[in-house]
Amino acid sequence: MDEKLKNSIREILRQAGLPGIDPVLREIPFKGQIGLAFSNVFQLAREAYPDAPKKELKQHAEELSEQIAAKLTELGEFDKVEAVKGYVNCFFNPDSFARDITARILDGGTDWGRREMSGGKVMVEYSQPNTHKAFHIGHVRNVCTGAALVRCFRYSGRNTLAANYYGDIGSHVFKSLWHLEKFHPDLKDAPDEPKERGRWLGNVYAKAQVELDESKNLLDNVWDLLKPLYRILKNALYDQKLTFGLFSYSPDLLDIAKNEIDLFENTSTEHQIRCIDHLARHAPVLLDRAINSDVVPYENHNWEPARVLTKKLLDIIGSVDFHQILTRPLELIAIADRWNLRDPDLINLWEKTKKWSFDDFYRIYDELGAAFDKEFYESEVEEEGLHIVNELVQMDIVTESSGAKIVEIDQRLHEKFDFPLKDKYRVAVLVRADGASLYGAKDLALAKRKFEDFGIDESIYVVGNEQKFYFQQLFQMLRLMGFPQWEKCYHLSYELVMLPSGKISSRSGQVILYDDVMNELKGRALDVVREKNPSLDENAKLDVADSVAIGSLIYGMLRVDTNKKIEFDFDEVLDFNGRSAPYIQYACARASSIARKAASEGIVIPDRVADSDFHADLQPVEIDLVGMLGKFPDIVRKVADDKKPIHLATYAYDLAVAFSDFYHQCPVLTAEPGILRNRLLLVRAVRITLDAALGLLGIKAPDVM
RNA sequence: GCGCCAGUAGCUCAGGGGAUAGAGCAACGGCCUUCUAAGCCGUGGGUCGCAGGUUCAAUUCCUGCCUGGCGCGCCA
């Protein structure tokens with residue numbers, strides 16, 4: 001319809017010798033009327049009369065709109081064409097519009113308006129959970145967004161591959177494995193119930209994180225004492241060579257003595273820990289040797305500050321399990337080494353616990369309506385990533401900096417493409433100083449694989465907004481690699497889900513788990529069903545409660561624009577009133593209820609639209625309802641174009657509102673025969689369209705509530 | 001310091017170069033002998049963060065500023 005009207009307007013403009021501007025059409029915003037308005041007549045007037053003074057322009061616009069309205073009236077395609085305040089309003093005939101739309105809906109079912117697949121393939125990567133970590137409420141936003149987007153793409157005719165990329169390896173996994181081996185040998189205290197294992201693993205990870213943080217803090221505290229002590233000793237001894245003598249009984253200590261402190265702080269964690277462990281425990285001996293040594297230059301040297309520091313050190317060492325806590329990171333390093341050697345015991349533990357995480361993920365995806373065509377794993381692109389990094393070293397793109405392999409992106413862009421040197425993309429580290437490949441290296445490999453193995457034309461990453469900078473770096477690195485599709489990569493970012501207490505973080509254990517939210521939602525939904533519809537049988541009640549609970553969570557995630565934070569407020573999510581899934585689901589249940597009641601009264605429910613339908617005058621609410629129905633395919637298209645599921649979430653609610661209006665104002669079953677048939681057709685069309693809209697969002701609509 | 005995102009009713013948020021800026025929640029007042037009251041109707045509540053600019057037209061676009069969040073070399 002849009003295009004047809006636009007063409008008519010273009011033709012009119014051409015015949016009248018007016019400038020060929022692109023007509024902008026808007027819906028007519030008045031209740032009870034349906035049609036399109038040509039809204040940029042002012043722009044036309046300005047182009048037709050470029051020199052007209054400002055105050056005359058309005059008059060020109062009005063004259064032009066009247067001329068165009070007259071021409072459009074002649075076409076006879078509209079009920080009425082009006083020129084008002086510089087707009088040209090073209091009103092559709094509500095009856096034929098209703099007939100047309102309901103016929104399309106009833107013929108097409110929930111696929112009505114769906115487009116044929118055409119054009120290239122797009123891959124949408126979403127979810128990307130880390131194994132061995134808790135699946136929390138923040139992850140849900142990603143899953144809902146990605147899954148809805150994939151469905152809207154497909155509905156709009158885009159050939160779409162849904163992909164997931166599991167973080168099944170990396171430092172978080174090593175931390176978990178370390179803790180599992182150390183404190184849960186043979187996993188014998190793990191829960192038997194599969195549903196509980198994900199949570200248990202999440203706790204293990206959080207605990208490992210806490211313990212490693214404790215080590216880090218201890219290390220920092222001790223080092224803060226050792227640094228001044230070291231300086232005192234060094235200054236007190238007039239000859240550095242003699243310092244070496246003092247330290248020389250330990251190679252580690254000699255090492256620290258030779259190095260300046262700054263250099264030492266840049267050495268590997270492993271080396272630092274060994275030295276500091278050693279040094280701290282030997283500090284009193286060192287101090288003693290220094291004091292009693294004949295190399296001290298001044299007889300009356302003030303050793304008091306050194307004694308105080310040593311005393312503090314001894315306090316720390318004495319009060320905690322010093323060596324054990326300090327050397328935890330060394331155990332972690334040992335885990336990584338064993339991983340690199342593919343130690344069978346470790347691999348076995350990894351496989352087993354990884355599966356527990358996956359069991360959890362699949363259960364949750366199933367509930368949220370997410371499905372994947374291709375699943376990638378970090379563990380499978382690790383080697384390829386390192387390989388690419390080596391190639392990039394040959395290409396002088398990757399350089400070395402304190403042992404790590406990095407890309408100085410701005411510098412390389414400047415050299416390769418002669419871009420002005422800026423400080424925009426900064427530096428990306430691909431391989432850590434200890435040789436471990438980082439996410440950047442793996443992502444380069446993955447990006448290549450996506451385009452080369454799957455023949456896609458566009459690659460979308462649904463990833464949180466906090467990684468925006470990283471994705472800019474990633475795409476620029478692909479560009480530096482000479483990877484032409486770098487421009488076809490798109491980071492679809494979404495804002496955080498915040499808890500009232502702040503940012504969600506599975507590292508600090510500051511999380512609300514998916515299962516906890518869902519259980520609470522289901523419980524509350526069940527209470528409401530019991531209260532509102534006690535006559536329903538128990539299984540049906542449980543089904544309704546599930547649909548409502550899951551729908552509420554999904555809708556709660558999608559009703560807010562992706563670039564806005566969601567403050568996760570339990571009470572708000574659990575409130576089933578207002579702009580929520582249950583409201584929309586309730587509208588569906590009522591539509592079904594009308595159909596049920598009609599059937600029980602022996603009324604035949606039409607399943608096709610006949611030419612004789614919709615010849616009685618429609619009520620304004622009915623016209624508005626039909627107008628809402630007609631918009632559905634365009635809305636889904638808009639979701640796909642803008643990559644914003646919120647448009648559809650809003651639409652589903654608006655359609656439910658329009659139906660509720662209709663429901664209250666237009667009785668169906670008691671209407672006269674001709675009107676009865678029209679309304680039954682409308683109810684059916686609404687139910688189908690609501691099902692379709694909710695289905696794309698991932699929400700189920702029950703027949704009873 | 002630099003970059004990205006946000007600022008619209010008391011609260012949570014839609015919308016977006018054009019006609020009178022909309023919902024939900026909360027508050028108040030109505031509607032169940034008629035298809036499910038998880039609903040409907042009504043009332044009150046707005047300098048669309050501030051200041052400039054572009055335009056026939058700016059809450060929407062541009063610039064600057066203010067406030068808040070996130071990010072900025074070895075986590076992902």
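Because only heavy atoms are used, hydrogens play no part in the values below, and waters and symmetry mates are left out as well, while side chains stay in. Proteins come first, then strands; the chains are lettered A, B, ... in the order of their sequence lines, and each starts at number 1. This is a predicted model, so every value here is computed, not measured.
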Q: Let me know the distance between CZ of A/Arg559 and C1' of B/A23, rounded to the nearest Å.
A: 9 Å

Q) Of all the nucleotides listed (B/A38, B/C75, B/G39), which has the minimum atom distance to the side chain of A/Ser171? A) B/C75

Q) Would you say the base of B/A76 and the side-chain of A/Tyr439 have a donor-acceptor pair closer than 3.5 Å? A) yes

Q: May I have the distance from A/Arg26 (atom CZ) to B/U20 (atom P), rounded to whole angstrom?
A: 12 Å

Q. Whole Å only: how far is the CG atom of A/Leu625 from the P atom of B/C40?
A. 14 Å

Q.
Need one value for A/Ser39: base, sugar-phosphate or nothing, where a base atom within 4.0 Å counts as base even if backbone is also close, heavy atoms only.
A. base

(Q) Quick check for you: among B/C70, B/G39, B/A38, whose closest atom lies nearest to any side-chain atom of A/Phe576? (A) B/A38

Q. Does A/Lys175 make a cation-pi contact with A/Tyr205 (under 6.0 Å, within 45 degrees of the axis)?
A. no

Q | Under 3.5 Å on both distances, the Watson-Crick or G-U partner of B/C40 | A | B/G30

Q: Determine, for nucleotides 28-33 of chain B in 5'-to-3' order, which nucleotides have protein heavy atoms under 4.0 Å from the base (write B), from only the sugar-phosphate (write S), or from neither (write -).
A: ------

Q. Any Lys/Arg nitrogen of A/Arg426 or A/Glu408 sitting under 4.0 Å from an Asp/Glu carboxylate oxygen of the other?
A. no

Q | A/Asn164 vs A/Glu125, side chain to side chain contact (heavy atoms under 4.5 Å, CB included): CA-CA, chis, key distance, verdict | A | CA-CA 5 Å; A/Asn164 201 342; A/Glu125 180 201 298; 5.9 Å; no

**Q.** C1'-based separation of B/U54 from B/G46 [nearest Å]
**A.** 26 Å

(Q) Quick check for you: to the nearest 0.5 Å, what is the distance between A/Glu82 atom CD and A/Ile28 atom CD1? (A) 8.0 Å

Q: Could you give the distance separating B/U8 and B/G3 at their P atoms, to the nearest angstrom?
A: 24 Å

Q: Enter the distance from A/His172:NE2 to A/Glu378:CD here, rounded to the nearest 0.5 Å.
A: 6.5 Å

Q: Sticking with atom P, work out how far B/G42 lies from B/A23, rounded to a whole angstrom.
A: 9 Å

For nucleotides 1-11 of chain B, which of its nitrogen or oxygen atoms have a protein nitrogen or oxygen under 3.5 Å away, and what is each distance?
from, atom 1, to, atom 2, distance (Å)
B/C5, O2', A/Asn563, O, 3.1
B/A6, OP1, A/Asn563, ND2, 3.3
B/G7, OP1, A/Lys564, NZ, 3.1

Q: Select base, sugar-phosphate, or nothing to describe what A/Cys666 touches, counting heavy atoms under 4.0 Å on all strands.
A: base

Q | Gap in Å between the two C1' atoms, one belonging to B/U43 and one to B/C48, rounded | A | 23 Å

Q) So what does A/His491 hit on the nucleic acid, given a heavy-atom distance under 4.0 Å: a base, only sugar-phosphate, or nothing? A) nothing

Q: Output the single nucleotide from B/A19, B/C70, B/A76 whose closest atom is nearest the side chain of A/Lys442.
A: B/A76

**Q.** Distance, P atom - from B/G71 to B/C41, rounded to whole angstrom
**A.** 44 Å

Q.
Quick test of your reading of the model: are A/Lys424 and A/Asp410 salt-bridged, counting only N-O distances below 4.0 Å?
A. no

**Q.** Spacing of A/Asp168 atom CG relative to B/A76 atom P, expressed in whole Å
**A.** 12 Å

**Q.** Side chain of A/Val427 - closest among B/C70, B/G73, B/A19
**A.** B/G73

Q) Does A/Asn89 get its side chain close enough to the base of B/A19, under 3.5 Å, for a donor-acceptor pair? A) yes

Q.
Considering every strand and a 4.0 Å limit on heavy-atom distances, what is the contact class for A/Phe42: base, sugar-phosphate, or nothing?
A. base

Q. Contact class for A/Val683 (heavy atom, under 4.0 Å): base, sugar-phosphate, or nothing?
A. nothing

Q) B/C35, B/A38, B/A19: which one has an atom nearest the side-chain heavy atoms of A/Leu669? A) B/C35

Q.
I'd like to know if A/Lys631 pairs up with A/Glu27 as an ion pair, taking the criterion as any Lys NZ or Arg NE/NH1/NH2 lying under 4.0 Å from an Asp or Glu carboxylate oxygen.
A. yes

Q: Remember a base hit wins even if backbone is also touched, and classify A/Ala37 as base, sugar-phosphate or nothing at under 4.0 Å, heavy atoms.
A: base

Q.
Using whole Å, what does the distance between atom C1' of nucleotide B/G39 and atom CD of A/Glu531 come to?
A. 14 Å

Q.
Within the 4.0 Å heavy-atom criterion, would you say A/Val704 contacts the bases, only the backbone, or no part of the nucleic acid?
A. base

Q. Rounded to whole angstrom units, what separation is found between the OH atom of A/Tyr470 and the C1' atom of B/G73?
A. 13 Å

Q | A/Tyr470 and its ring-ring contact (aromatic ring centres under 6.0 Å, His included) partner, picked from A/Tyr461, A/Tyr425, A/Phe475, A/Tyr439 | A | A/Tyr439

Q) Contact class for A/Lys638 (heavy atom, under 4.0 Å): base, sugar-phosphate, or nothing? A) sugar-phosphate

Q. With a 4.0 Å cut-off, would you call A/Asp634 and A/Lys638 a salt bridge?
A. no

Q) With rounding to whole Å, what would you report as the distance between B/C61 and B/U20 at their C1' atoms? A) 23 Å

Q. What is the nucleic acid contact for A/Ile646, judged by heavy atoms within less than 4.0 Å: base, sugar-phosphate only, or nothing?
A. sugar-phosphate

Q) Among the nucleotides B/C40, B/A14, B/A76, which one has an atom lying closest to any side-chain atom of A/Glu378? A) B/A76

Q: For A/Asn142 and A/Ser127, indicate whether the former's side chain and the latter's backbone hold a donor-acceptor pair under 3.5 Å.
A: yes

**Q.** Whichever of A/Thr562 and A/Ser437 has its nearest RNA chain B nucleotide further upstream toward 5'
**A.** A/Thr562

Q | Euclidean distance for P, B/G44 against B/C56 (whole angstrom) | A | 38 Å

Q.
Using a heavy-atom cut-off of 4.0 Å across all strands, would you classify A/Val621 as base, sugar-phosphate, or nothing?
A. nothing

Q) Between A/Lys644 and A/Arg596, who's closer to the 5' end of RNA chain B by nearest nucleotide? A) A/Lys644

Q.
What's the closest nucleotide to the side chain of A/Tyr663 if the choices are B/G71, B/A57, B/C35?
A. B/C35

Could you tabulate the donor-acceptor pairs under 3.5 Å formed by side-chain atoms of residues 653-663 of chain A, not counting sequence neighbours?
from, atom 1, to, atom 2, distance (Å)
A/Ser660, OG, A/Tyr583, OH, 3.2
A/Ser660, OG, A/Ala656, O, 3.1

Q: Just compare B/A38, B/C40, B/G73 and give me whichever is closest to any side-chain atom of A/Ser660.
A: B/C40

Q: Quick one: label A/Asp703 by what it contacts on the DNA or RNA (base, sugar-phosphate, nothing), any heavy atom closer than 4.0 Å.
A: base

Q) What nucleotide among B/C40, B/A37, B/G15 has an atom nearest to a side-chain atom of A/Asp661? A) B/C40

Q.
Using the side-chain heavy atoms of A/Gln43, tell me which of these nucleotides is nearest: B/C35, B/G39, B/C56.
A. B/C56

**Q.** Syn/anti state of B/G29 by chi, 90° boundary around 0
**A.** anti

Q: Please state the P separation for the pair B/A58 and B/C50 - nearest whole angstrom.
A: 16 Å

Q.
Can you tell me how far apart CD1 (A/Ile21) and CG (A/Leu44) are? Round to the nearest 0.5 Å.
A. 4.5 Å

Q) Base of B/C28 relative to its sugar, syn (within 90° of 0) or anti? A) anti

Q. Between the main-chain N or O of A/Leu536 and the side-chain N or O of A/Lys541, is there a donor-acceptor pair closer than 3.5 Å?
A. yes

Q | Base paired to B/G68 (Watson-Crick or G-U; both N/O distances under 3.5 angstrom) | A | B/C5

